[in-house]
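First up is the structure itself, then whatever we jot down about it.
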Amino acid sequence: MNSRRQSDEPAEHRRFARYLHALQYVTAADEADLLAAVLRDGDTTMAASAVSRHMDRRAAELLTAPAFTAWAQAMSRVIDQHEFLTTRLHEWRLLRTLALGEPWAAEDLTAASDWLQRTAVSTPVVAAPDVLRLLAEHGRTRRVRNAAHHRLHHLKE
């Protein structure tokens, strides 16, 4: 059998798993402090990855809930020195805007990352035909354009 013992696992892998576990069960009151502690880890790439996974999970849970705004504000204070995390949080805010049917700018959506465009097309709560039409025509990738076209076709049925 080729199973690796836990002691053979690199330390950063073990810390990453511990961080994900702790972040899964953190209370709202302790979330910002725990995220700040994770981001102080010496392995900045691993730490940012753990925080990114957590943010994606929490943002998806809170996407259309009133609590999203306060949560996003708290997160922005913790991640303000991390470009990728700041960009991801900005895109979650844009996705929320789309999901709630609030005003948005076409250039924000067309300039967004592949991740945001794929997520907008595949998220059921984002079903505005104008969003899907824009991405069907101007999505960054063929995958996004095809998925948007497909969703538009199904909305018409």
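For W104, there are no ring pair (Phe, Tyr, Trp, His ring centres under 6.0 Å) partners, not counting sequence neighbours. Considering only residues two or more places apart in sequence or on other chains, H138 meets the ring pair (Phe, Tyr, Trp, His ring centres under 6.0 Å) condition with none of them. Residues forming a side-chain contact (heavy atoms from CB on, under 4.5 Å) with T141 (at least two apart in sequence, or on another chain): D114, R143, V144. For the side-chain hydrogen bond (donor to acceptor under 3.5 Å, both in side chains) test, residues two or more places apart in sequence or in another chain that qualify with S113 are E91. By the side-chain contact (heavy atoms from CB on, under 4.5 Å) test, R57 is found to be paired with Q24, H54, E61, residues two or more places apart in sequence or in another chain being considered. With sequence neighbours left out, H82 forms a side-chain contact (heavy atoms from CB on, under 4.5 Å) with L39, L85. Partners of R88 by salt bridge (charged side-chain N to carboxylate O under 4.0 Å, His left out), not counting sequence neighbours, listed by chain and number: D56. Remark: Y19 pairs with no residue by the ring pair (Phe, Tyr, Trp, His ring centres under 6.0 Å) rule, at least two apart or across chains. A search for side-chain contact (heavy atoms from CB on, under 4.5 Å) contacts involving A37 returns R40, not counting sequence neighbours.
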List the atom pairs, with distances to 0.1 Å, where a side-chain N or O of residues 43-53 and a protein N or O form a donor-acceptor pair under 3.5 Å, not counting sequence neighbours.
from, atom 1, to, atom 2, distance (Å)
D43, OD1, T45, N, 3.4
D43, OD1, M46, N, 3.1

>> The test is side chain to side chain contact (heavy atoms under 4.5 Å, CB included); show your working for T123 and L63 and say whether it passes.
In response: CA-CA 11 Å; T123 301; L63 188 60; 4.3 Å; yes
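For the residue pair A148 and A136, the shortest heavy atom distance occurs at CB-N, 3.4 Å. In plain terms, the two heavy atoms of V78 and A36 that are nearest each other are CG1-N, 3.7 Å. Here the closest heavy-atom approach between residue L94 and residue L116 is recorded as CD2-CD1, 4.0 Å. Summarising the geometry of T64 relative to A99, their closest heavy-atom pair is CG2-CB, 4.1 Å, with the distance given to 0.1 Å. Closest heavy-atom contact between V126 and R151: O-NH2, 2.8 Å. Residue A120 comes nearest to L95 through the heavy atom pair CA-CD1, 3.6 Å, listed as atom of the first residue, atom of the second, then distance.
Atom CG of L135 and atom CG of N146 lie 12.0 Å apart (nearest 0.5 Å). The CZ atom of R14 sits 7.0 Å away from atom CZ of R18, with the distance rounded to the nearest 0.5 Å. Here the CG atom belonging to L89 is positioned 10.0 Å from the CD atom belonging to Q73, to the nearest 0.5 angstrom. The distance from atom NZ of K156 to atom NE2 of H154, rounded to the nearest 0.5 Å, is 12.0 Å. Atom CG of L134 and atom CG of L109 lie 5.0 Å apart (nearest 0.5 Å).
Counting only heavy atoms from C-beta outward, the side chains of L35 and I79 never approach each other to under 4.5 Å. In this structure, the side chains of T86 and S76 stay at 4.5 Å or more apart for every pair of heavy atoms.
Relative ring orientation between F68 and W71 is described as tilted, the plane-to-plane angle lying within the 30° to 60° band.
Follow the hydrophobic side-chain contacts under 4.5 Å out from V121 and you reach V125 in the same cluster. Put simply, W92 and L100 are part of two different groups of oily side chains (I, L, V, M, F, W, Y) that touch within less than 4.5 Å, one to the next.
If you look at H153 and H149, their ring centroids are not closer than 6.0 Å.
Judged as a salt bridge (charged side-chain N to carboxylate O under 4.0 Å, His left out), the pairs with a partner in residues 22-38 (not counting sequence neighbours) are, in order, E31-R58. Among residues at least two apart or in separate chains, there is no salt bridge (charged side-chain N to carboxylate O under 4.0 Å, His left out) pair with a member in residues 98-109.
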